[in-house]
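Note: hydrogens, waters and symmetry copies are ignored here, and every other heavy atom, side chains too, is used. In what follows, chains carry the letters A, B, and so on, assigned in the order in which the sequence lines appear, proteins first and then strands, with residues in each chain numbered from 1.
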There are 2 protein chains.
Amino acid sequence: MDDRCCAPPETALDLRPVEGPDADEELAALTKALGHPARVQILRLLTHRVSCVCGEIVDQLPLAQSTVSQHLKVLKDAGLVRGEIDGPRICYCLEPRTLRRLRALIGGL
Amino acid sequence: MDDRCCAPPETALDLRPVEGPDADEELAALTKALGHPARVQILRLLTHRVSCVCGEIVDQLPLAQSTVSQHLKVLKDAGLVRGEIDGPRICYCLEPRTLRRLRALIGGL
DNA sequence: GCCATTCATCGCCATGTCACGATAGCTGAT
DNA sequence: ATCAGCTATCGTGACATGGCGATGAATGGC
């Protein structure tokens with residue numbers, strides 16, 4: 001249950017600035033991706049189960065499979081989540097690097 | 001220029017939980033409010049000028065006055081910003097309490 | 001090869017967001 | 001009282017988002 005299926009720990013730190021036009025755009029994109037209750041819940045699920053979850057997410061949310069898939073796409077496009085193929089199913093897990101980056105950007109406010 | 005026009009320092013700390021359904025909704029609402037480049041820029045302006053800014057915000061952004069006013073409304077409804085009437089103009093300033101809350105919620109991920 | 005499972009994608013519809021100009025409400029000065 | 005300046009709100013149009021069911025593509029097992 002808690003075997004990880006995707007992540008290399010990825011501990012390199014991010015040296016990009018937390019201010020300026022690029023940072024503003026980046027922060028806006030990340031918060032926009034997070035700006036929906038279902039997506040927050042998905043991220044929360046992924047933080048709680050140490051390892052990656054696949055379509056169990058669908059079972060945990062009161063939404064259709066296609067809707068959940070769209071939300072996952074938003075999170076993936078924002079870089080907050082990564083999906084890797086694991087046999088017939090797909091294994092999603094957090095991208096801690098991006099989460100750290102988000103914290104840094106918000107901290108810069 | 002750096003005379004404050006609204007804020008009582010407001011240092012009471014927020015004891016509400018950073019997880020659970022309510023926290024999810026709250027985080028989604030706050031990040032949604034932040035999820036637009038113009039609104040990030042507005043917040044950034046308000047952090048940089050120590051005091052509150054009023055319609056100078058309009059001058060700093062490449063947007064019409066009505067558009068900026070709408071963005072300010074979004075930020076105000078989310079509690080990230082406060083506006084107080086100051087003579088003929090309106091003085092906006094950050095709500096550091098809400099910003100701290102946002103940091104706490106993101107930290108809870 | 002064939003089927004069942006899993007997930008992504010497509011259309012579709014309803015609703016929300018973003019931008020604008022125009023208008024209305026307040027306030028302080030004349 | 002009137003006028004000028006500042007801001008909020010309204011109405012509108014273009015576009016994005018969120019939700020769903022249906023369809024498609026890939027995989028593992030039979």
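- Look at CG on Leu34(A): it is 16 Å from C1' on dT17(D), rounded to the nearest Å.
- Rounded to whole Å, atom P of dC12(C) lies 15 Å from atom CD of Gln70(A).
- Between the CD atom of Gln65(B) and the C1' atom of dG21(C) there is a distance of 11 Å, rounded to whole Å.
- At a cut-off of 3.5 Å, with distance as the only test, a side-chain donor of His48(A) or Glu19(B) sits close to an acceptor on the other residue.
- The heavy-atom pair separating Arg103(A) from Ile106(B) by the smallest distance is NH1-O, 3.4 Å.
- Put simply, CD on Glu84(A) is 17 Å from C1' on dT6(C), counting in whole angstrom units.
- The side chain of Pro88(A) has dT27(D) as its nearest neighbour among dT17(C), dT27(D), dG11(D).
- When distances are taken from the side chain of Ala64(A) to each of dA19(C), dG28(D), dG21(D), the shortest belongs to dG21(D).
- Distance Leu72(B) CG to dT7(D) P: 10 Å, rounded to the nearest Å.
- In this structure, the OH atom of Tyr92(A) is 11 Å from the C1' atom of dT6(C), given to the nearest Å.
- Here the C1' atom of nucleotide dT17(C) and the CG atom of Leu63(B) are 14 Å apart, to the nearest Å.
- Among the nucleotides dC20(D), dC6(D), dA8(C), the one closest to the side chain of Ile90(A) is dA8(C).
- Among the atoms of the strands shown, none is found under 4.0 Å from any heavy atom of Ile85(A).
- When distances are taken from the side chain of Ser66(B) to each of dG21(C), dA16(D), dA8(D), the shortest belongs to dG21(C).
- Contact annotation: the side chain of His36(B) never approaches that of Thr31(A) to less than 4.5 Å [non-hydrogen atoms, C-beta and beyond].
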